[in-house]
Amino acid sequence: MDIDTEPQRQDLTTQIVTPGSAITNDPAFMRGHGTFGEHGTIYSSVAGVVERINKLVSVRSLKQRYSGEIGDIVVGRVTEVASKRWRVDVNSRQDAMLLLSSINLPGGIQRRKSESDELQMRSFFAEGDLVFAEVQSYFADGALSLHTRSIQYGKLRNGTFVSVFPQLVPRSRSHFHTLPCGVDVVLGVNGYIWVSKHVPAAKIEANAEHIYSNKNEEISETERESIARVANCIQLLNRLYVKITDTSIIFAYEASLGHAVKDLLTMDVATDLAHAVNARLAQQG
């Protein structure tokens, strides 16, 4: 199997290999991560997707933990409240840290955090809370350091959580999207996604003192159905290994309108919808 002589393999995300699969015997290529060489041929050492950068060939594992980069937008779940920090599960090899000094106080007040703030840490984030944050640095042990110093970041409410393969969520300029169906989607590059009722930014800014509230807003039956449909669309895209972007979610949602929400995850319906989404993405170019 020669990746350089088959024009259809220009889209390398479609070339999925298993351990021991021959990738190329062209001596011009160099071995990268996830490959090994034998008798002049490069083979895959893991199950994954072949990636090529110039003459460097590597294989990205289909199932791997999230490896963070500074500036990444992530969704995480608080696992522990510690001294002046929260431990946050971000689907990585170890929990990330959210320092008390790296959050906004209710009302957007800017001041140094005091001992009284430390005593109230559970009123900001408690175990089990979902957080929308940005990676700002690394600690010496490799753990990620997060921050929520923006009105768009903070505690997540009014929706449902979906977990997907991290490699299906590409890094982009924006990871917060409002879909035409009136649903907000936060696409964490760590594979954690939050689907929720749309809340206007002006309303969030006007109620900045309520950013740490645990109470959901009133969600109508129509809004609940839209949230459930979008969540199921994301799950079927993940199951059939389709890139998850705002565009692919919208295409899947539109294609799913002829089916009941509960039927979207059946294999026949999911396969048909995934093919329809891939076809529209290909037409879009």
Side-chain angles (χ1 to χ4, degrees), residues 65-110 112-113 117-118 120-178 184-197 199 201 204-205 207-214 216 234 244-246:
R65 287 287 187 173
Y66 161 68
S67 180
E69 296 181 9
I70 294 174
D72 279 355
I73 305 302
V74 298
V75 172
R77 187 184 296 276
V78 175
T79 59
E80 182 185 347
V81 180
S83 175
K84 296 184 180 179
R85 67 188 63 197
W86 294 267
R87 290 184 180 274
V88 183
D89 168 28
V90 290
N91 198 25
S92 188
R93 294 177 180 84
Q94 54 185 321
D95 286 348
M97 296 293 178
L98 175 61
L99 301 180
L100 178 60
S101 59
S102 298
I103 71 168
N104 275 337
L105 292 172
I109 301 171
Q110 297 293 327
R112 294 190 62 171
K113 309 303 187 293
D117 294 321
E118 188 175 353
Q120 300 179 63
M121 284 179 61
R122 277 194 173 80
S123 67
F124 302 142
F125 299 110
E127 293 87 347
D129 284 347
L130 284 158
V131 183
F132 180 26
E134 180 179 338
V135 177
Q136 70 172 355
S137 63
Y138 295 95
F139 288 102
D141 63 353
L144 302 176
S145 176
L146 310 177
H147 83 85
T148 61
R149 294 195 209 94
S150 170
I151 193 66
Q152 66 176 321
Y153 303 143
K155 184 179 291 188
L156 295 169
R157 301 181 297 139
N158 305 320
T160 187
F161 172 80
V162 183
S163 178
V164 303
F165 297 133
Q167 53 271 30
L168 292 182
V169 184
R171 292 178 172 89
S172 63
R173 188 170 298 177
S174 175
H175 286 266
F176 181 86
H177 305 282
T178 298
D184 287 342
V185 177
V186 178
L187 299 175
V189 296
N190 58 328
Y192 288 170
I193 296 175
W194 184 251
V195 184
S196 63
K197 168 186 175 178
V199 179
I204 296 175
E205 293 174 5
N207 296 281
E209 66 276 8
H210 297 145
I211 59 175
Y212 296 112
S213 171
N214 288 317
N216 287 330
I234 293 171
I244 297 173
T245 64
D246 60 319

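Because the structure is a prediction, the values reported are computed rather than measured. Basis for what follows: all heavy atoms, side chains included, without hydrogens, waters or symmetry-related copies.
- Here the CD atom belonging to Q136 is positioned 9.0 Å from the CD1 atom belonging to I70, to the nearest 0.5 angstrom.
- Annotation: side chain of V75 is not in contact with side chain of I193 (no heavy-atom distance under 4.5 Å).
- Using a 4.5 Å cut-off on side-chain heavy atoms (C-beta onward), Y66 and V74 make contact.
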Using side-chain contact (heavy atoms from CB on, under 4.5 Å), reason through R85 and S102 one step at a time and then give a plain yes or no. CA-CA 9 Å; R85 67 188 63 197; S102 298; over 6 Å; no
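- Taking a 6.0 Å sphere around CZ of R77, one finds it holds more than 12 heavy atoms contributed by other residues, nucleotides or ligands.
- At a threshold of 4.5 Å between non-hydrogen side-chain atoms, the residues V135 and E69 do not count as touching.
- Checked against salt bridge (Lys or Arg N to Asp or Glu O under 4.0 Å), D184 has no partners two or more places apart in sequence or in another chain.
- A donor-acceptor distance shorter than 3.5 angstrom exists from the side chain of N190 to the backbone of V90, with no hydrogens or angles considered.
- In this structure, the side chains of I234 and V164 come closer than 4.5 Å at one or more pairs of heavy atoms.
- Ring centroids of H175 and F132 are separated by 6.0 Å or more, keeping the two rings apart.
- Pairs passing the salt bridge (charged side-chain N to carboxylate O under 4.0 Å, His left out) check and including a residue from residues 122-136, sequence neighbours excluded, read R122-E127, D129-K155.
- Ring-plane geometry between Y192 and F161 is classed as perpendicular, the angle between the planes exceeding 60 degrees on a 0 to 90 degree scale with a lower cut at 30.
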As a quick check of understanding, evaluate side-chain contact (heavy atoms from CB on, under 4.5 Å) for L98 and I103, giving each step before the final call. CA-CA 8 Å; L98 175 61; I103 71 168; 3.9 Å; yes
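- With Q94 contributing its side chain and D141 its backbone, the two residues share a donor-acceptor pair below 3.5 Å.
- Between the side chain of Y138 and the main chain of G68, a donor-acceptor pair closer than 3.5 Å is present.
- With hydrogens and angles disregarded, a donor-acceptor distance shorter than 3.5 Å links the side chain of T79 to the backbone of R87.
- Annotation: salt bridge (Lys or Arg N to Asp or Glu O under 4.0 Å) contacts of R157 (sequence neighbours excluded): none.
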For V131 and Y153, run side-chain contact (heavy atoms from CB on, under 4.5 Å): C-alpha distance rounded to whole Å, both residues' side-chain angles, the deciding distance at 0.1 Å, then the answer. CA-CA 8 Å; V131 183; Y153 303 143; over 6 Å; no
